[in-house]
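Computed from a predicted model, the values in this text were never measured in an experiment. Count residues from 1 along the sequence. Scope of the values below: all heavy atoms of this structure, side chains included, with no hydrogens, waters or symmetry mates.
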Amino acid sequence: MLQEMNKLYQKMLNDWTQAAQPVWFDFLKSEPFLKWMKLFHIYFFDAKEKTNEMMEKTLEMTRIASKEDIKDLVDAQRLMIDMMEELTDRLNKIENKNK
(Lines give C-alpha, C1' and ligand atoms only; values in the text may rest on other atoms or scores of the structure.)
Protein backbone atom coordinates (compact mmCIF):
# COMPACT_ATOMS: atom_id res chain seq x y z
CA MET A 1 0.00 0.00 0.00
CA LEU A 2 2.85 2.39 0.87
CA GLN A 3 4.55 1.66 -2.45
CA GLU A 4 1.30 2.38 -4.30
CA MET A 5 0.91 5.69 -2.48
CA ASN A 6 4.52 6.55 -3.29
CA LYS A 7 3.99 5.70 -6.99
CA LEU A 8 0.78 7.74 -7.06
CA TYR A 9 2.56 10.69 -5.45
CA GLN A 10 5.50 10.45 -7.87
CA LYS A 11 3.13 10.24 -10.86
CA MET A 12 1.14 13.24 -9.59
CA LEU A 13 4.35 15.20 -9.06
CA ASN A 14 5.68 14.32 -12.52
CA ASP A 15 2.38 15.20 -14.18
CA TRP A 16 2.18 18.51 -12.35
CA THR A 17 5.83 19.32 -13.19
CA GLN A 18 5.32 18.54 -16.86
CA ALA A 19 2.24 20.76 -16.96
CA ALA A 20 3.65 23.60 -14.84
CA GLN A 21 7.22 23.82 -16.13
CA PRO A 22 6.46 25.31 -19.57
CA VAL A 23 4.04 27.81 -18.05
CA TRP A 24 6.62 28.77 -15.43
CA PHE A 25 9.37 29.22 -18.03
CA ASP A 26 7.03 31.28 -20.20
CA PHE A 27 6.29 33.46 -17.19
CA LEU A 28 9.99 33.92 -16.43
CA LYS A 29 10.63 34.93 -20.07
CA SER A 30 7.63 37.23 -20.27
CA GLU A 31 8.07 40.95 -20.89
CA PRO A 32 6.20 42.14 -17.76
CA PHE A 33 8.26 39.88 -15.51
CA LEU A 34 11.53 41.00 -17.11
CA LYS A 35 10.52 44.67 -16.77
CA TRP A 36 9.60 44.08 -13.13
CA MET A 37 12.96 42.37 -12.51
CA LYS A 38 14.82 45.26 -14.14
CA LEU A 39 12.96 47.82 -11.99
CA PHE A 40 13.46 45.68 -8.90
CA HIS A 41 17.18 45.50 -9.66
CA ILE A 42 17.45 49.27 -10.15
CA TYR A 43 15.47 50.15 -7.01
CA PHE A 44 17.15 47.45 -4.93
CA PHE A 45 20.64 48.72 -5.68
CA ASP A 46 19.52 52.32 -5.21
CA ALA A 47 18.09 51.42 -1.82
CA LYS A 48 21.23 49.46 -0.98
CA GLU A 49 23.43 52.48 -1.77
CA LYS A 50 21.23 54.78 0.33
CA THR A 51 21.28 52.30 3.20
CA ASN A 52 25.06 52.04 3.00
CA GLU A 53 25.39 55.84 3.05
CA MET A 54 23.08 56.09 6.04
CA MET A 55 25.02 53.38 7.90
CA GLU A 56 28.34 55.09 7.14
CA LYS A 57 27.00 58.41 8.47
CA THR A 58 25.62 56.70 11.56
CA LEU A 59 28.87 54.88 12.24
CA GLU A 60 30.83 58.07 11.67
CA MET A 61 28.73 59.92 14.25
CA THR A 62 28.85 57.05 16.75
CA ARG A 63 32.49 56.12 16.34
CA ILE A 64 33.34 53.03 18.34
CA ALA A 65 36.94 52.28 19.21
CA SER A 66 38.46 49.27 17.52
CA LYS A 67 41.01 46.96 19.13
CA GLU A 68 43.75 48.80 17.26
CA ASP A 69 42.49 52.14 18.60
CA ILE A 70 42.60 50.79 22.16
CA LYS A 71 46.11 49.38 21.64
CA ASP A 72 47.29 52.75 20.29
CA LEU A 73 45.73 54.53 23.25
CA VAL A 74 47.37 52.17 25.75
CA ASP A 75 50.74 52.59 24.01
CA ALA A 76 50.41 56.38 24.10
CA GLN A 77 49.41 56.25 27.77
CA ARG A 78 52.41 54.03 28.56
CA LEU A 79 54.70 56.44 26.69
CA MET A 80 53.33 59.40 28.69
CA ILE A 81 53.84 57.54 31.98
CA ASP A 82 57.41 56.68 30.99
CA MET A 83 58.12 60.32 30.04
CA MET A 84 56.66 61.56 33.33
CA GLU A 85 58.77 59.06 35.30
CA GLU A 86 61.87 60.20 33.40
CA LEU A 87 61.05 63.87 34.11
CA THR A 88 60.48 63.06 37.78
CA ASP A 89 63.88 61.31 37.94
CA ARG A 90 65.57 64.30 36.28
CA LEU A 91 63.88 66.74 38.67
CA ASN A 92 64.95 64.62 41.65
CA LYS A 93 68.57 64.61 40.39
CA ILE A 94 68.52 68.42 39.89
CA GLU A 95 67.06 68.91 43.39
CA ASN A 96 69.70 66.61 44.90
CA LYS A 97 72.50 68.55 43.14
CA ASN A 98 71.19 71.86 44.48
CA LYS A 99 71.10 70.63 48.07
Side-chain angles (χ1 to χ4, degrees):
M1 168 127 168
L2 193 56
Q3 286 180 344
E4 290 173 4
M5 286 178 63
N6 187 21
K7 285 179 186 178
L8 177 64
Y9 175 76
Q10 292 298 325
K11 183 175 177 354
M12 241 175 38
L13 188 62
N14 286 335
D15 290 345
W16 183 85
T17 303
Q18 287 175 357
Q21 190 173 16
V23 175
W24 179 245
F25 286 154
D26 287 344
F27 170 71
L28 292 177
K29 294 177 195 173
S30 70
E31 194 65 29
F33 178 75
L34 293 175
K35 283 181 182 178
W36 178 82
M37 281 300 292
K38 186 175 181 179
L39 288 173
F40 179 76
H41 185 263
I42 291 169
Y43 287 119
F44 173 78
F45 279 104
D46 185 46
K48 185 176 182 285
E49 287 176 7
K50 287 180 182 175
T51 302
N52 286 346
E53 283 179 24
M54 182 192 67
M55 286 301 293
E56 286 175 12
K57 287 178 183 175
T58 303
L59 289 175
E60 191 175 309
M61 287 187 287
T62 58
R63 176 92 163 93
I64 299 173
S66 67
K67 286 183 179 181
E68 291 300 317
D69 293 337
I70 300 298
K71 285 179 184 177
D72 291 344
L73 184 63
V74 169
D75 289 343
Q77 187 179 19
R78 185 70 235 163
L79 180 63
M80 288 298 297
I81 291 171
D82 291 344
M83 289 172 68
M84 289 177 73
E85 287 175 352
E86 184 179 337
L87 284 173
T88 303
D89 289 343
R90 285 184 182 182
L91 286 173
N92 286 340
K93 287 179 184 177
I94 291 173
E95 286 177 355
N96 287 338
K97 279 186 183 179
N98 288 338
K99 285 186 181 180

Atom [atom1] in [X], atom [atom2] in [Y]: separation rounded to 0.5 Å?
X	Y	atom1	atom2	result
Met84	Asp89	CE	CG	12.0 Å
Asp75	Met80	CG	CE	14.0 Å
Glu95	Thr88	CD	OG1	10.0 Å
Leu34	Leu39	CG	CG	11.0 Å
Lys38	Ile42	NZ	CD1	5.5 Å
Phe44	Glu49	CZ	CD	11.0 Å

Would Phe25 and Trp36 show up in the same hydrophobic cluster when neighbours are defined by side-chain heavy atoms closer than 4.5 Å?
yes
Check for me, please, whether Met37 and Leu28 land in the same ILVMFWY cluster - side-chain distances under 4.5 Å, paths through other members count.
yes
What closest approach, in Å, do [X] and [Y] show between heavy atoms, and which atom pair accounts for it?
X	Y	value
Ala65	Ile70	CB-CD1, 3.8 Å
Ile64	Asp69	O-OD2, 4.4 Å
Phe33	Phe27	CB-O, 3.4 Å

Gln10 CD: over 12 foreign heavy atoms closer than 6.0 Å
yes
CD/Glu60: more than 12 non-hydrogen atoms of other groups inside 6.0 Å:
no
Side-chain ion pair, Lys50 and Asp46, N-O less than 4.0 Å
yes
Start with the C-alpha distance between Lys11 and Asp15, add both sets of side-chain angles, then the distance that settles salt bridge (charged side-chain N to carboxylate O under 4.0 Å, His left out), and finish with yes or no.
CA-CA 6 Å; Lys11 183 175 177 354; Asp15 290 345; 3.0 Å; yes
If we ignore hydrogens and angles and just use 3.5 Å, is the side chain of Asn6 paired with the main-chain N or O of Leu2 as donor and acceptor?
no
